[in-house]
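One-based numbering, in listed order, for ligands and for the atoms of each. The analysis underlying the following values was restricted to heavy atoms, covering all of them including side chains, and did not include hydrogens, waters or symmetry mates.
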Amino acid sequence: MSQPRTDLAPGRFPADFTWGTATAAYQIEGAVREDGRGVSIWDRFSHTPGKTHNGDTGDVACDHYHRWQGDIELMRRLHVNAYRFSIAWPRILPEGWGRVNPPGLDFYDRLVDGLLAAGITPWVTLYHWDLPQALEDRGGWPNPDTSKAFAEYADVVTRRLGDRVKHWITLNEPWVVAFLGYFTGEHAPGRKEPESYLPVVHNLLLAHGLAVPVIRENSRDSQVGITLNLTHAYPAGDSAEDEAAAKRLDGFMNRWFLDPLFTGGYPRDMIDVFGSWVPSFDESDLGVIGAPLDFLGVNYYSPSFVQHSEGNPPLHVEQVRVDGEYTDMGWLVYPQGLYDLLTRLHRDYSPAAIVITENGAAYPDEPPVEGRVHDPKRVEYYASHLDAAQRAIRDGVPLRGYFAWSLMDNFEWAFGYSKRFGLYYVDYETLERTIKDSGLWYSRVVAEGQLVP
Ligand SMILES: CO[C@H](O)c1c[n+]2c([nH]1)[C@H](O)[C@@H](O)[C@H](O)[C@H]2CO
């Protein structure tokens, strides 16, 4: 059990803390038809009229595929000791399984070696939403064969990189993949099939569980985890009804994933709420899904304030917009939600370690003037959330690292290039990167290992 770190002065982080930035393949790489890369569901979705802001696509994005060496220099300027990035499954297995594409593996091999040479530890996310279209054409995540295909993909990647990459994240945010991709259709593949939501969640968690032993076999002595988007659900009022609504939202967003990963099964109360939507599956799946993990990756941006609703079956929950500051995504700035989430995870699930794999904010940054981009709100967002994270460490939470989202402005999925999260500003005409004030501030925090003014 992790002990309180009362030895840490306010604002100071452990000397061995992991400091990083995070990105994802489809959001930054571009080069979508280069070196044998196959088509992903996000290529198909973003090229479908009406699906993304302004019809934006990841065809070029930040052209990281060609600019990766310069981007490593951007990381060095931030003094980070880690970098979280994802591997594009379609670069490795263009049809999703079977035929391996050597140039795809070669790209990530060069990137990993470049990071290590720069003293930056690579943290690899195997799946950050860019499913090969060929697998979607065979049913996609509702098809349990996709879970097996993911394990094969994990095998190919970890055989090649497992000697040098020792930090692996199987999936990024299965809730987003399932709910936005197959329930609301806001994300690729854009399917609106509520009945597919829970089967997709199960197949994603099964894919994760099948991959864990494969990773451990091919990448000895590595740390393996999963990244979940988690929120902290607060009742908007003090009624018992609102308390119950918050518990149902917590079950929907958090416990439906945390319980099978850490306690051996889906939460009973939510099985009753979801009723006939709960898919049938082999009980043996739960043993696979519950494979022990070295860390839990947490993506936190904002909490949820909810109240009971007579509508919105089967959850009967509605979000309440409370007074406060909001980011350009319309997300409430509420750092206490990060503290409350971290201490709750430690109390209720006791993961061996927790890593904040994403935290950051979008604001409508102005283009650089005399080489500067002033983004005071983003500095304040990071400062207040890092303070909450440091308080959680002092109170005993085994928080081992923090990855700022994101290294640079990039393709923000259905929002296209209209939302900027980066520590570096990207001019999408010239692709020039310019460090923002938040990047300068973050580099000082990382260099000193403590919050700075
Ligand atoms: C509620 O926010 C989610 O946890 C979330 C936010 N974000 C994410 N997940 C994704 O992992 C990133 O690819 C996004 O670029 C990033 C910013 O939107």
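Under the 6.0 Å distance and 45° angle rule, R321 counts as a cation-pi partner of Y326. At least one test fails for R400 against the ring of F295: distance under 6.0 Å to the centre or angle within 45° of the axis.
Taking the salt bridge (Lys or Arg N to Asp or Glu O under 4.0 Å) definition, one finds that D437 meets it with R372, sequence neighbours left out.
One finds no salt bridge joining E432 and R67 here, because no Lys/Arg side-chain nitrogen approaches an Asp/Glu carboxylate oxygen to under 4.0 Å. Using a 4.0 Å cut-off between charged side-chain N and carboxylate O, D409 and K419 make no salt bridge. In summary, R91 and E29 engage in a salt bridge, as defined by a charged side-chain N under 4.0 Å from a carboxylate O.
Protein neighbours of ligand 1 below 4.0 Å, counting non-hydrogen atoms: Q27, H128, W129, N172, E173, N229, N299, Y301, W331, E358, W405, E412, W413, F421.
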